[in-house]
Amino acid sequence: MARIVMKFGGTSVADPERIRNVAARVKREVDAGNEVAVVVSAMAGVTNQLVAWCQELSPLHDAREYDAVVATGEQVTSGLLAIALQHIGIEARSWQGWQIPIRTDGAHGKARIDAIEGAELIRRMREIRQVAVVTGFQGVGPDHRVTTLGRGGSDTSAVALAAALAADRCDIYTDVEGVFTTDPRIVAKARKLDKITYEEMLELASVGAKVLQTRSVELAMKEKVRVQVLSSFAEAPGTLVVDEDEIVEKALVAGIAYSRDEAKITIRRVPDRPGIAAAIFGPLASAAINVDMIVQNVAADGTTDMTFTVPKADLPRAEATLAGIKEAIGYAEITADRDVAKVSVVGVGMRSHAGVASTMFRTLAEKGINIQVISTSEIKVSVLIGAEYIELAVRALHTAYGLDAA
Ligand code: ASP
Ligand code: MG
């Protein structure tokens, strides 16, 4: 007997027929004698619709009300799945974030989970073999209002629940068969990985491989939750996300990810003096805007240009924030470019092997692709390029690092 958390993404619960299919999968685990908790996303497309309605009514809407709206998607699917399970004779109960409770901080729209009260769910699993069907993506804040965890947050809900319940496994069911060397929609020769390290998965997730939310991987790594990514439409085993010492043959490059979700901001003629970076990035941080790649040019005449990227969705707020500090900082102007994309190569093997970055630069040069910004970490090299080159870049790099399937 094992205790498992099963998480189903939006496409897996997209309509009643698919919810029935999910119920059958859950039943199989229960029949095998396992204790099961399920975490569900909203039906495919629902969250997008809810977000769009908030945007339509007011682009700078109140984040508390955004949460009140978007949290409803998961409420629907948790109730529906509980009904489907009961219908096939499985004891089941739905739970919204506040009912468990899943306590979060007060950062509405991108809240973080502080604690999950697991005792009651465990008691019900043990005593009446009840399956808990938990809403992903949501919790309750210090002000007792509903919070949401940011897009894709149900993955984090699932991993946090697995940690709180001391589950043996957290199976994330999605519409792909696992984690691939790159996006198979762009590269037909992409391969499914059997295993990947937490760190590689973290880098891939943070640079746009949308299969798992970044925070869910951080949490899995911290809490040592064994995560499996697998398809709810196939029977094949998926990709296990595990500790580095579980992987014997470490690839130089595990995968190539890309993101079209970033925008580039350049602040021209910023006075070059101590404290200026803090004066720019402090207010952006206070506005909860994640700045990613940053470059500062060499100062010529006592001023410098500062270029960085922010999530596209945060661009209006970033521009508003920077406009608010124009006087105080004394820069000349801001320009923004939305037609950029980021491509990254990731692999723990980079730690011990040189030449990964130069292969990347040479490959892009051969295709005539200009690099606008570069950033690196211990196991990743990322470049910002024109959005129109992204597919070409990903394909060329996949081949250059020998990742193409035979
Ligand atoms: N429904 C939410 C979203 O689309 C959360 C999730 O599915 O993970 O972002
Ligand atoms: Mg998702």
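Positions are given from 1 along the sequence. When a ligand or atom number is given, it counts from 1 through the structure's own listing order.
Using a cut-off of 4.0 Å between Lys/Arg side-chain N and Asp/Glu carboxylate O, R123 and E120 are scored as salt-bridged. Look at E199 and R351 and you find a salt bridge, because one of the NZ, NE, NH1 or NH2 atoms lies within 4.0 Å of a carboxylate O, short of that distance. With salt bridges taken as basic N to acidic carboxylate O contacts below 4.0 Å, one links R25 and E235.
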**Report entry** Check against salt bridge (Lys or Arg N to Asp or Glu O under 4.0 Å), R145 and D143
**Finding:** CA-CA 5 Å; R145 301 202 67 93; D143 56 357; 5.2 Å; no

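When the heavy-atom distances from atom 8 (O) of ligand 1 to S157, A71, S154, S216 are ranked, the shortest goes to S154. Scanning K7, E74, M43 for the heavy atom closest to atom 1 (N) of ligand 1 points to E74.
Below 3.5 Å of separation, one finds no N or O of D155 facing any N or O of ligand 1. On a distance-only criterion, T47 and ligand 1 share at least one N/O pair closer than 3.5 Å. Of the polar atoms of G152, at least one N or O is found under 3.5 Å from an N or O of ligand 1, judged by distance alone.
Put simply, the residue from T307, L315, V291 that forms a side chain to side chain contact (heavy atoms under 4.5 Å, CB included) with I265 is L315. If you run side-chain hydrogen bond (donor to acceptor under 3.5 Å, both in side chains) between N34 and each of R169, E29, R28, only E29 comes through.
Heavy-atom contacts of R151 reach the following atoms of ligand 1: 3 (C), 4 (O), 9 (O) (cutoff under 4.0 Å).
For atom 7 (O) of ligand 1, the closest non-hydrogen atom on the protein side is S41 OG, 2.8 Å.
Note on ligand 1: G153 sits in its first shell, one or more heavy atoms being nearer than 4.0 Å.
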